[in-house]
Amino acid sequence: MDFLSFGIDLSRNYSYYTVPVVFFITAVPHAYGVLSSKMHYDNANPRKHTESVAKSEVLDKLTAQRVERAKAASINGFETLGFYAAAVTAANVTGVPAESLNLLTFGYVVSRVLYNFAYIWLCTNRRAARIRTATWITGISLTMALWIKAANRTLAN
């Protein structure tokens, strides 16, 4: 079965590949924040980055807010990465079919990309900020679906 004509055969299991991909997607906002904050990132004291950006007289307010949101997006991604990686492992170990694994894990990857974009770029508008919440809920729902499918497979055996 071809996935959106990209030639991806969904009968083969690609789910484990998504874990390092999600790790990378989670790290990108941090890198964006560091690069966007110009000289306000101190590698010897990285925990003070947000405070340094907030006190900056060089960065404009919008850039400073985006840097702070990028950091928050990255932190959120790392907070949920373990839950996701464990769900991928549980679903694989219990024998969830490859097609289901691929659809759920690819969906999660897309939800994290959209989450980062929505958090960093759309949250200046309070109404558009709801998109961030929707993408987060989507990602967590896909992760829960992996756990439920794993549990169902365990109960069936």
Side-chain angles (χ1 to χ4, degrees), residues 1-37 41 46-47 49-50 53-54 62-157:
M1 173 194 320
D2 280 343
F3 181 67
L4 300 176
S5 16
F6 290 117
I8 298 174
D9 180 4
L10 289 181
S11 66
R12 298 184 65 192
N13 184 356
Y14 300 100
S15 65
Y16 279 123
Y17 290 109
T18 66
V19 176
V21 168
V22 170
F23 181 89
F24 175 76
I25 290 167
T26 297
V28 167
H30 172 73
Y32 166 79
V34 169
L35 295 173
S36 296
S37 63
Y41 184 77
R47 302 272 181 181
H49 184 222
T50 304
V53 167
L62 184 60
T63 300
Q65 290 173 342
R66 282 193 179 131
V67 168
E68 289 179 25
R69 287 193 307 270
K71 182 163 181 62
S74 188
I75 289 169
N76 178 271
F78 284 118
E79 289 170 347
T80 60
L81 181 60
F83 183 57
Y84 173 71
V88 171
T89 302
N92 273 282
V93 168
T94 58
V96 173
E99 293 87 352
S100 294
L101 285 168
N102 289 329
L103 288 172
L104 292 169
T105 57
F106 291 173
Y108 184 80
V109 168
V110 170
S111 77
R112 289 311 304 182
V113 169
L114 294 175
Y115 176 86
N116 288 344
F117 177 79
Y119 205 162
I120 298 166
W121 296 99
L122 299 181
C123 280
T124 54
N125 176 332
R126 291 229 180 258
R127 284 192 172 157
R130 295 176 187 155
I131 296 169
R132 176 191 58 129
T133 302
T135 59
W136 185 86
I137 290 170
T138 299
I140 292 299
S141 297
L142 291 166
T143 303
M144 292 299 291
L146 287 166
W147 279 110
I148 291 166
K149 284 186 172 290
N152 288 343
R153 295 289 291 199
T154 300
L155 286 174
N157 291 329

Does any donor atom in the side chain of N116 or R132 lie under 3.5 Å from an acceptor atom in the other side chain?
-> no

Using modelled atom types and a 3.5 Å cut-off, is there a donor and acceptor pairing between side-chain atoms of [X] and backbone atoms of [Y]?
| X | Y | result |
| --- | --- | --- |
| S74 | K71 | no |
| R153 | G95 | yes |
| S36 | G33 | no |
| N92 | Y16 | no |
| N102 | A98 | yes |

[X] [atom1] to [Y] [atom2] distance, which is reported to the nearest 0.5 Å:
| X | Y | atom1 | atom2 | result |
| --- | --- | --- | --- | --- |
| T135 | R130 | OG1 | CZ | 14.0 Å |
| L81 | T143 | CG | OG1 | 10.0 Å |
| T94 | L155 | OG1 | CG | 10.5 Å |
| S111 | F106 | OG | CZ | 13.5 Å |
| L122 | R127 | CG | CZ | 14.5 Å |
| R112 | F117 | CZ | CZ | 15.0 Å |

Test log, rule side chain to side chain contact (heavy atoms under 4.5 Å, CB included), inputs Y32 and R66 | CA-CA 9 Å; Y32 166 79; R66 282 193 179 131; 3.8 Å; yes

Aromatic ring proximity Y84/W147, centre distance under 6.0 Å | no

Just do the side chain to side chain contact (heavy atoms under 4.5 Å, CB included) check on M144 and F83 with the steps written out, would you?
-> CA-CA 9 Å; M144 292 299 291; F83 183 57; 3.5 Å; yes

Run the numbers on L142 and L146 for side chain to side chain contact (heavy atoms under 4.5 Å, CB included), then give the verdict.
-> CA-CA 6 Å; L142 291 166; L146 287 166; over 6 Å; no

Closest approach of [X] and [Y], non-hydrogen atoms and distance?
| X | Y | value |
| --- | --- | --- |
| T26 | P29 | O-CD, 3.2 Å |
| A150 | V96 | N-CG2, 3.9 Å |
| L104 | K149 | CD1-CD, 3.7 Å |
| A85 | V19 | CB-CG1, 3.9 Å |

Decide yes or no for Y115 and I131: does some side-chain heavy atom of the first lie under 4.5 Å from some side-chain heavy atom of the second?
->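 A side-chain contact under 4.5 Å is absent here.
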
Check whether more than 12 heavy atoms from other residues, nucleotides or ligands sit under 6.0 Å from atom CZ of F78, and answer yes or no.
->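 Atom CZ in F78 is packed in, count exceeds 12.
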
Only counting residues at least two apart or in another chain, list the ones meeting side-chain hydrogen bond (donor to acceptor under 3.5 Å, both in side chains) with Y108.
->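 Only T80 meet the side-chain hydrogen bond (donor to acceptor under 3.5 Å, both in side chains) criterion with Y108.
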
Among all residues two or more places apart in sequence or in another chain, which pass the side-chain hydrogen bond (donor to acceptor under 3.5 Å, both in side chains) test with Y119?
-> none

